[in-house]
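Have a look at the structure below, then the notes.
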Amino acid sequence: MAETNDRLWEKERLSHVRQELQDRLDELEPQVTGLADQAADIRKRFWEEVTINTGSYTDFEEAFYTINQQSRVLAERERVHKMLVQQWKSVNRLLPSPYFGRIDFKEKGINFTEQIYIGVSSFTDKEGLNFLIYDWRTPIASLYYDHASGPSSYETLMGRIEGNVELKRQFQIQGGQLLGMFDASETIGDALLQEVLSKGASSQMKSIVATIQKEQNAIIRDDRSRMLIVQGAAGSGKTSAVLQRVAYLLYKHRETVKADQMVLFSPNPMFASYISTVLPELGEENIQQTTFQEYLNYWLGSSLCPEDPLDQMEYVLTAGEEAGYAARLEGIRYKASAAFLEALKNYGQWLGREGIKFVGIRFREREFITSTQMRAQFSSYDEKLSLPSRILLLQEWLLKELTLLEKQERHADWVKEELNYLDADDFADVYRSLHKEKAVFEVAEQYAAREHTGKRADLDEGAFDFVEREEELLRRNIVKQMFKPLRQRVRKFKFVNVQATYEQLFVDEVAYKERTDGADVPPYWDEICKQTINMLHQNKLFHEDATPYLYVKEIIEGVRVNTDIRYVFVDEGQDYSVFQYEYIKKLFPRARMTVLGDFGQAIYMQSTELAAANSSLTGLYGEKETKLIRLLQSYRSTREIVEFTRAMLPGGEEIIAFDRRDQKPQLIQTGTADGQYDAFICRDVARLHAEGFQSIAIITKTAAESRIAYESLLAHGMEKLKLITKETERFEKGWMVIPVYLAKGVEFDAVLVYDASAERYSEEYDRKLLYTACTRAMHRLHLYAEKHWSPFVQALPEGLYEKRDEV
């Protein structure tokens, strides 16, 4: 009976809160419309209200103040309108589902129990005195996520508040209807999580504020660490938690931090689309999103073409039989290492003494300033100065030299020839300038004459030679225009040959050791050098060279920093090298960094082992300013899929499966019948679709395999199939073929691993690729092979899967 009464009471309260929300909407809508109309009217009539009269200083001053007053009125109307629109949007978001949780909290020393209802934003009664709903980011709401019933506390700006949680309740509310409620002793009850996790995959990630777990809440509310490392199992909610963290930080620091002062490095453009709706759902603007490759491309400019990391991955996975393959892999590992970073730091010291390559300044087939002259001038500067400071001094000297050369060049014969090709506009501009100059000259002459004789002097008409002065100005303009690109090149440091300076690292082992203070070299160094130089001579860069190249460039020119960015978030952090983290730290010196990743999915060659990577990341800011949070609970996949996938990884037994059950993964062995392989996959996709699964991914190892599978499956009648490539920018539900490295971070209702054979996944390196592919599945997982299974599948206990022989 008590439960029935509770439910009735909650339904009445929900109805009351929704009515309050509707009343507030009814109140806000005319205000929002009215202020918008007012602002539009002010903009339309802005100049009608202003009389411009500059006849006297008083008239000018009056016009200025009138314009200023109108501007302030307009700005205030727009400010209030923006604030009301935000309130209107907030109330609209709350109306279908005002809140998702309740805690009854009795503060220590106060004989009163407060009922705290928690939703995506705060809402008060008409008087503004009582909170009907608390924003999930408020300090008191942390009780809901962090504490069970009993003694508890939360932190505020004024200190710790202690008390007792007497009730914790969760709600399922949709369309304003109370569908369910659960009293929970833990943070989030299984019933609510089961409901949320049993739903199908979406084309875009959703907010998780109603189901945030205690360990995720620790990530969200951490505001002390300079470096926060989140190591989480596949499907543990890393990305979701970090996006809620962004919303929390924007809420807590709303007076000092804006969305454009945060940047998220995503693994690919498609992933950026996948997460694009989470922050708007929570009432916040999206932060800046980019990929690290886009950042590299921007700063490298058009002079060099860097390899895409996905092309590097495709090479690693497909080029095993090519000459030089082993050397390339060693090069990838070494150029991503802390050892290479240290070598480049030493190289910078050597460059300061003798090694920078300069480019002479040429003009009309003549070398005005030679690289030898530049080197001599550079060597004349005090070596105690930093390398960038000496380069700036050289830049200043070059600009002065160009000024002298420009003056000398005005009398060259080629300038006279150029006079014949000037158009009427050039002459008109000079003509106007000369008349102004002549007028000034005449006034000066008259003033000088009066000062000398006491009366107006007659002007000597020959004193201002119009024709001679016209040619002089035309010559000056011609040379100035021709010298403009030279000045621009100097200002952009084009007199430094960064490409040649980087290239001289790779002459041979002896030169490398000499220039890097004895740095050790990896195996195949001679071949690595040849490969690197060959790419540079084509004006290209391997992906593994892009960050080191920019590092060398900034050793010379100075570091380009962005001090506006306050928070940096790195998703799929296991795919970045130590070198790249150092570079990101230098780019954003004022920022706090959050890195999230799963080293079980470290599929790129530059990825390091978990312990080493965490050690390197800790070293960026030091142990005192670094915090590591591990997420071991996997929520994405069913228990059966998690038990199957975690058995592939050494140490995978640490991963905890959420107790949501479905079918075991299926292993389908097709035999060798021609044309039957893809027919089985087509049939299974149709069956899964008939069961109601809308998001079905056929995951291949490589992009080349994806194209082959796509064409074959199309030929078998799968007309709705889509091929996902690195150019795909938006993630949409449906049937798709996708290479495993593009599927990272995304989830699907059902996953079909296209070829899980020993031929495809046999090397130790392939283990994480296969693990990554399988962990994309939420509800169903199928693996296919013609004959022999991958050793990573063969090693699994038979009780973890069901076998289906189609031979």
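All values reported here derive from a predicted model rather than from experimental measurement.
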**Request:** Take Glu711 and Arg707, measure what salt bridge (Lys or Arg N to Asp or Glu O under 4.0 Å) needs, and give me the verdict at the end.
**Result:** CA-CA 6 Å; Glu711 291 170 4; Arg707 284 189 292 272; over 6 Å; no

**Request:** Keeping the roles fixed (side chain from Glu342, backbone from Ala339), state whether a donor-acceptor pair exists under 3.5 Å.
**Result:** no

**Item:** Under 3.5 Å donor-acceptor, Gln395 side chain and Arg491 backbone
**Value:** yes

**Request:** Check whether the side chains of Thr532 and Lys335 place a donor and an acceptor atom closer than 3.5 Å, and report yes or no.
**Result:** yes

**Message:** I want to know whether Tyr512 and Tyr347 have ring centres closer than 6.0 Å.
**Reply:** no

**Asked** Would you find more than 12 non-hydrogen atoms of other residues, nucleotides or ligands less than 6.0 Å from Lys530 atom NZ?
**Response** no

**Message:** Contact between Arg390 and Glu383 at the side-chain level, heavy atoms closer than 4.5 Å - yes or no?
**Reply:** yes

**Asked** Ignoring hydrogens and geometry, is there a side-chain-to-backbone donor-acceptor pair from Asn497 to Ala500 under 3.5 Å?
**Response** yes

**Item:** Point-to-point distance, once rounded to the nearest 0.5 Å, from CG of Leu344 to CG of Leu505
**Value:** 6.0 Å

**Fill in**
Closest heavy-atom pair, Val490 versus Leu402, reported as atoms and distance to 0.1 Å, is CG2-CD1, 3.9 Å

**Fill in**
Of all heavy-atom pairs linking Thr725 and Leu742, the shortest is C-CD1, 3.4 Å

**Greater than 12 external heavy atoms within 6.0 Å of Asp382's CG** = yes

**Request:** Verify ring pair (Phe, Tyr, Trp, His ring centres under 6.0 Å) between Tyr325 and Tyr524, making sure each step is shown before the conclusion.
**Result:** CA-CA 10 Å; Tyr325 179 76; Tyr524 305 102; over 10 Å; no

**Prompt:** What do the steps show when you test Glu294 against Thr290 for side chain to side chain donor-acceptor pair (under 3.5 Å), and what is the final call?
**Reply:** CA-CA 7 Å; Glu294 287 171 340; Thr290 186; 2.8 Å; yes

**Request:** Report the residues that fulfil side-chain hydrogen bond (donor to acceptor under 3.5 Å, both in side chains) with Gln488, sequence neighbours left out, ordered by chain and then residue number.
**Result:** none

**Test item: Val595 and Phe569 side chains (from C-beta on) under 4.5 Å apart, heavy atoms** = no

**Item:** Sub-4.5 Å side-chain heavy-atom contact between Ile556 and Phe493
**Value:** no

**Message:** Would you call the rings of Tyr334 and Phe340 parallel, tilted or perpendicular, taking 30° and 60° as the class edges?
**Reply:** tilted

**Prompt:** Hey, what do you get for CD1 (Ile361) to CZ (Arg366), rounding to the nearest 0.5 Å?
**Reply:** 13.5 Å

**Request:** Name all residues meeting the ring-ring contact (aromatic ring centres under 6.0 Å, His included) criterion together with Tyr621; count only those two or more places apart in sequence or in a different chain, and write none if there are none.
**Result:** none

**Message:** Before you tell me yes or no, could you show the steps for Glu354 and Arg515 under salt bridge (Lys or Arg N to Asp or Glu O under 4.0 Å), namely the whole-Å CA-CA distance, both residues' side-chain angles and the distance that decides it to 0.1 Å?
**Reply:** CA-CA 10 Å; Glu354 55 186 299; Arg515 295 164 184 176; over 6 Å; no

**Lys345, NZ: over 12 other non-hydrogen atoms inside 6.0 angstrom** = yes

**Prompt:** Mind checking whether Glu572 and Asp575 have side chains closer than 4.5 Å, heavy atoms only?
**Reply:** yes

**Message:** Let's go through Met374 and Ile369 carefully: what are the C-alpha distance in whole Å and the side-chain angles of both, what is the deciding distance for side-chain contact (heavy atoms from CB on, under 4.5 Å) to 0.1 Å, and is it a yes or a no?
**Reply:** CA-CA 7 Å; Met374 292 183 195; Ile369 307 173; 4.2 Å; yes

**Message:** Other residues, nucleotides and ligands only: do more than 12 of their heavy atoms fall within 6.0 Å of NZ on Lys484?
**Reply:** no

**Minimum heavy-atom distance Ala338-Val578, with the two atoms named** = CB-CG1, 4.1 Å

**Complete:** For Gln531 and Gly324 the tightest heavy-atom approach is NE2-O, 2.9 Å

**Asked** Residues in ring-ring contact (aromatic ring centres under 6.0 Å, His included) with Tyr581, at least two apart?
**Response** Tyr576

**Fill in**
d(Thr547 OG1, Leu341 CG) to nearest 0.5 Å is 11.0 Å

**Asked** Side-chain contact, heavy-atom cut-off 4.5 Å: Ser266 with Asp571?
**Response** no

**Message:** Between Ile391 and Ile356, is the side-chain contact (heavy atoms from CB on, under 4.5 Å) condition met? List the steps.
**Reply:** CA-CA 10 Å; Ile391 291 295; Ile356 295 181; 4.1 Å; yes

**Prompt:** Short question: side chain of Gln261, backbone of Tyr567 - any donor-acceptor pair under 3.5 Å?
**Reply:** no

**Request:** Answer yes or no: is there a side-chain heavy-atom contact under 4.5 Å between Thr403 and Arg487?
**Result:** yes

**Message:** Donor-acceptor pair, distance only, cut-off 3.5 Å: does the side chain of Gln499 make one with the backbone of Leu536?
**Reply:** yes

**Message:** Determine whether a donor-acceptor pair (N or O, by modelled atom type, separation under 3.5 Å) exists between the side chain of Glu285 and the backbone of Ala259.
**Reply:** no

**Request:** Would you please indicate if the ring centroids of Trp525 and Phe506 are separated by under 6.0 Å?
**Result:** yes

**Asked** Which residue pairs satisfy the side chain to side chain donor-acceptor pair (under 3.5 Å) criterion with at least one member in residues 300-311, sequence neighbours excluded?
**Response** Glu307-Arg328, Asp311-Lys726

**Request:** Measure from the side-chain N and O atoms of Ser389 to the backbone N and O of Leu385, and report whether any donor-acceptor pair falls under 3.5 Å.
**Result:** no

**Message:** Using the rule given for side-chain contact (heavy atoms from CB on, under 4.5 Å), can you reason through Val561 versus Phe588, listing the C-alpha separation, both sets of side-chain angles and the distance that settles it, and then say yes or no?
**Reply:** CA-CA 6 Å; Val561 298; Phe588 307 106; over 6 Å; no

**Request:** Please answer whether the main-chain N or O of Ala326 pairs with a side-chain N or O of Glu330 as donor and acceptor at a distance below 3.5 Å.
**Result:** no

**Message:** When you compare the side chain of Asp520 with that of Lys513, does any pair of heavy atoms fall below 4.5 Å?
**Reply:** yes

**Asked** Do Gln504 side-chain atoms and Gly355 backbone N/O form a donor-acceptor pair below 3.5 Å?
**Response** yes

**Prompt:** Can you find a side-chain donor-acceptor pair between Tyr583 and Glu554 that sits under 3.5 Å?
**Reply:** yes

**Prompt:** Is there a side-chain contact between His543 and Gln293, using heavy atoms and a 4.5 Å cut-off?
**Reply:** yes

**Message:** My understanding is that only residues two or more places apart in sequence, or in another chain, count here; which of them pass ring-ring contact (aromatic ring centres under 6.0 Å, His included) with Tyr741?
**Reply:** none

**Request:** Measure the spacing between CD1 of Ile533 and CD1 of Ile528 and express it to the nearest 0.5 Å.
**Result:** 12.0 Å

**Item:** Atom NZ of Lys258: over 12 foreign heavy atoms under 6.0 Å
**Value:** yes

**Request:** Compute the ring centroids of Trp414 and Phe363, then answer whether they are less than 6.0 Å apart.
**Result:** yes

**CA sep, side-chain torsions, deciding dist, call: Arg592, Arg566, side-chain contact (heavy atoms from CB on, under 4.5 Å)** = CA-CA 6 Å; Arg592 295 176 182 267; Arg566 306 299 297 278; over 6 Å; no

**Side chain Lys357, main chain Val496, donor-acceptor under 3.5 Å** = no

**Complete:** Of all heavy-atom pairs linking Phe265 and Thr291, the shortest is CD2-C, 3.9 Å

**Item:** Listed partners of Tyr551 passing ring-ring contact (aromatic ring centres under 6.0 Å, His included), at least two apart
**Value:** Phe579

**Complete:** Between Phe542 and Met535, the two heavy atoms sitting closest are CZ-CG, 3.4 Å

